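To start, the structure under review is shown below, and the notes come after it.
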Amino acid sequence: MNLSSLARASSLSTSLASRTLHRSIARRPISCFYSPPSINPKTPLFLRPPIFTATLSDLQKWQNWAKTLASSVGSSFTDSDNGPDSEILHRELNWLVQDALENPNPLFHMESKFETVMKLRVDLGDLYTLWKQRIETRRPFQYVVGCEHWRDLVLSVEEGVLIPRPETELIVDLVYDVVNKNVDLMGGLWVDLGTGSGAIAIGIGRVLGDGGRVIATDLSPVAVQVASFNVKRYNLQDKISVKQGSWFDPLTEFEGRVAGLVSNPPYIPSGHISGLQAEVGRHEPILALDGGEDGMSDLLHLCNGAALMLKSGGFFAFETNGEDQCRLFVDHMESVHKNSFYDLKIVPDFAGIQRFVTGIRL
Amino acid sequence: MSSTILRRACRKPYTILSRYQSISTLFQSPSIPKPQNHVSGFEFQSNNASGWFSSVSNKRLTFSCGSSLNNTLSFSTQAAVVPSTADGLTVDGIVANQWTILDESESDWKSHASAIAQSIRLIKKRLQWEKLKVRLEMLSIHMEKPDLWDDPVNAGRISREYGSLVGKMKTVNSLEQELIEHIDMIKLAHEEDDPELESESVKALLRMRQSVKEKELEALLAGEHDLCSCYIEVQAGAGGTESMDWAGMVMQMYKMWAQRHGYGVTVVDEMRGEIAGIKRATLRVDGEYAYGYAKAEVGAHRLVRISPFDSAKRRHTSFAAVAVTPILGDGSHHVQISESDLRIERYRSGGAGGQHANVTDSAVRITHIPTGITAACQNERSQHQNKASAMAVLQSRLDQREMARQAQMNAQYTQSLTDNSWGNQIRSYVLHPYRMVKDLRTNFEVSDPDSVLEGEIDDFILSFLTDSMDKENEA
Ligand SMILES: C[S@@+](CC[C@H](N)C(=O)[O-])C[C@H]1O[C@@H](n2cnc3c(N)ncnc32)[C@H](O)[C@@H]1O
């Protein structure tokens, strides 16, 4: 909690700074704003040992209370900021139960005995607190359970790190398609800029061939810690290295040698931040969201860097805010980097929104 | 990719040889003939037409070794042995004797033997013994063809079906053998005046009598896909909240039935009614024979009751339709789905998405464009997994559709239970003015609807399976 408010305060000031240093290369003043990375990432709920107990009837009492709370929401969150409705909250509640209990089955079978002792990964009192936070403060469900299911991965997340989005899963599919057509890329060096929880980097790490390597970078020390934790959990530490620093700063030695570059940089226009869904605006790190006045600052910066970093035949894929940003991005590439890229494509997500730009370095 | 693996595995000569071995032992053939030139389809047909079954024992070997005529000569002169006791009693003979069948507790070997022989006969009937033999012969001829593996998918299917039929045939033959051996032993013990051995042997016969009962049930579920897990899909009929509530009750009935059987149960896709129940839902049931049982539930289910949603307390009739599709194992799919035929959509999504939104709902719907068949999933925690689950549902539906199409082309299978019969009313649940659940196909009925709605539907399923099996055999 402390740390996240600190991170928020500091990222607020970085985004202030970014407005003045707009478009300069290292546009965000770095680590001095952060407390030194001291704590280890929190263990996600489902990985904690089941050292607590409660009787089935006490758990049912909690469950009924939690259900009532979820039902009381109705569609009010949806109406105010497109947040979750009761049906979704009920499903989250089932997932919370799955993560918190060693064996949740008795809760779902009518024949179970009330005095059955259930093993929990968290104290029953804390379960009340957690669900209260979910409903009353709109704390994202993924922070409540400390993980996000993303592709076939379960990634640890916590305050200070962006919760990876379903849309972003497709970047890994795009990379998968490309490397399966090109052995050279399959065994090359890939870079995930602004890796957050490490989601894209890990996804890519698992589709690359034996020689393939990934460098994941992030400015946020919390992100670096969480990403490293997730990389280790999937036993990919030999394939993926996580580095702290601003965009290309930690990568100067690899100029012109990178086979693939991917990123989901902050792309929300600053003016939209205050109106975001509560789960996002009040809880996720602004450093991960705010893309400057038109949301394009980081994207354009990455575009320029891609020309520098990628080797000939190298592939890039970036996520954007939608159709307008995709267009602007492609326009920029075609005008400023006229002879640097080819095969520029705009790829939609499953909701039909033009979401990604991909291309190849000449 | 998987098909090449399959191809490689199946091409291995020993695989084929071991198949020959198994079928030849079926008929107590003394040695394993080496497969050589194949018999053409034409030769087979003329073979068949010339009274193949009248001299089954000789001709069987023709297909078990499947080689050219000159090669089979030496075998065709050897009759396969029908198991019989030292004094010439066969299983058919026992049935013909019509020894009285007494209660299991009566230690009378003739009664046990008679019961077992009856069971074996029932099993054969349920397996459609004569048809099975014809089918097996046809498959073995296909297995011979040198170009079989040019179409690996088809070849895989043929060799799997072949293996499964051989397995069934073996099971029955060894039951017959076992029965005969027990009887020989009892008679021997009696002659040698060894009461201890005699009573031991009678006990063994009793154990067989009990275990063969299970085999009777298994024989009911001998369809190609009966062993598979399955999807059960329930859809509310017209009639608003009352019928959505009914569809929800039907879904609940299957959930509880599946749990009782120890099956894994997952709701893959559910569209709730605004006030109560469901508009539709898809349940995944994982476990052995899930499809074999659940397929008996396909059709429309009718409810008659005073609707709790009607303030005037009138009696309502509503319907819920049930479809069941098997989940075929990898490599046994009937349809190869190509990515370019698919439209994949996020649904229930709105707004700008991406970094703007925190969602835990990543429901995906997949449409197979050429057929218009869709499948959706929203119970998984990642979009990727929702997509994979929806793909599995789609695959199952397309397989089902293809099997139905093939069934239409193949008269022998037209009566298969797998046909989707949405329009076909199969069961009636009356809660008012009297209380009764009645299956309209079998007339089986129960006067306690509550227990049925809590998942006790096995009796309905078994009576239907037995019934339709008998009808199929008469046809
Ligand atoms: C939208 S998040 C994406 C996180 C992750 N890649 C994902 O898709 O879930 C953007 C990430 O960029 C990082 N970031 C912001 N400014 C950065 C900078 N100047 N250099 C490196 N990373 C930065 C943020 O900390 C955040 O983790």
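These figures come from a predicted structure and were not determined experimentally. Here is how names work: the chains are called A, B, and so on, in the same order as the sequence lines, proteins then strands, and each is numbered from 1.
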Out of A/Gly352, A/Pro166, A/Gly322, A/Ala278, return the one with the most heavy atom pairs under 4.5 angstrom to chain B. A/Pro166
With heavy-atom distances below 4.5 Å as the criterion, would you say the side chains of A/Arg91 and B/Gln378 are in contact? yes
Portion of [X] that has a non-hydrogen atom of chain B nearer than 4.5 angstrom:
X: A/Glu323; result: neither
X: A/Ile163; result: side chain
X: A/Asn82; result: side chain
X: A/Leu289; result: both

How long is the span from the [atom1] atom in [X] to the [atom2] atom in [Y], to the nearest 0.5 Å?
X: B/Thr360; Y: A/Arg134; atom1: OG1; atom2: CZ; answer: 6.5 Å
X: B/Asn358; Y: A/Glu148; atom1: CG; atom2: CD; answer: 8.0 Å
X: B/Glu345; Y: A/Asp349; atom1: CD; atom2: CG; answer: 11.5 Å
X: B/Arg346; Y: A/Ile353; atom1: CZ; atom2: CD1; answer: 8.5 Å
X: B/Asp361; Y: A/Glu87; atom1: CG; atom2: CD; answer: 8.0 Å
X: B/Ser362; Y: A/His149; atom1: OG; atom2: NE2; answer: 11.0 Å

Give the minimum heavy-atom separation between B/Val359 and A/Gln142, together with the two atoms involved. O-NE2, 3.3 Å
I need the minimum non-hydrogen distance between A/Asp152 and B/His384, along with the two atoms involved. N-CD2, 3.7 Å
Option from A/Asn264, A/Asn321, A/Asp290 for which side-chain contact (heavy atoms from CB on, under 4.5 Å) with B/Gln355 holds: A/Asn264
Counting only heavy atoms not in [X] (residues, nucleotides, ligands), do more than 12 fall under 6.0 Å from its [atom1]?
X: B/Ile275; atom1: CD1; result: no
X: B/Arg435; atom1: CZ; result: yes
X: A/Phe46; atom1: CZ; result: yes
X: B/Glu288; atom1: CD; result: no

Counting only non-hydrogen atoms closer than 4.5 Å, does [X] touch chain A with its backbone (N, CA, C, O), its side chain (CB onward), both, or neither?
X: B/Asn379; result: backbone
X: B/Arg272; result: side chain
X: B/Glu380; result: backbone

Spell out, as yes or no, whether a donor-acceptor pair under 3.5 Å connects the side chain of B/Ser382 to the backbone of A/Trp150. no
Let's go through B/His356 and A/Val280 carefully: what are the C-alpha distance in whole Å and the side-chain angles of both, what is the deciding distance for side-chain contact (heavy atoms from CB on, under 4.5 Å) to 0.1 Å, and is it a yes or a no? CA-CA 7 Å; B/His356 284 268; A/Val280 181; over 6 Å; no
Show your working on side-chain contact (heavy atoms from CB on, under 4.5 Å) between B/Arg381 and A/Val145 and close with a plain yes or no. CA-CA 13 Å; B/Arg381 282 168 78 163; A/Val145 291; 4.1 Å; yes
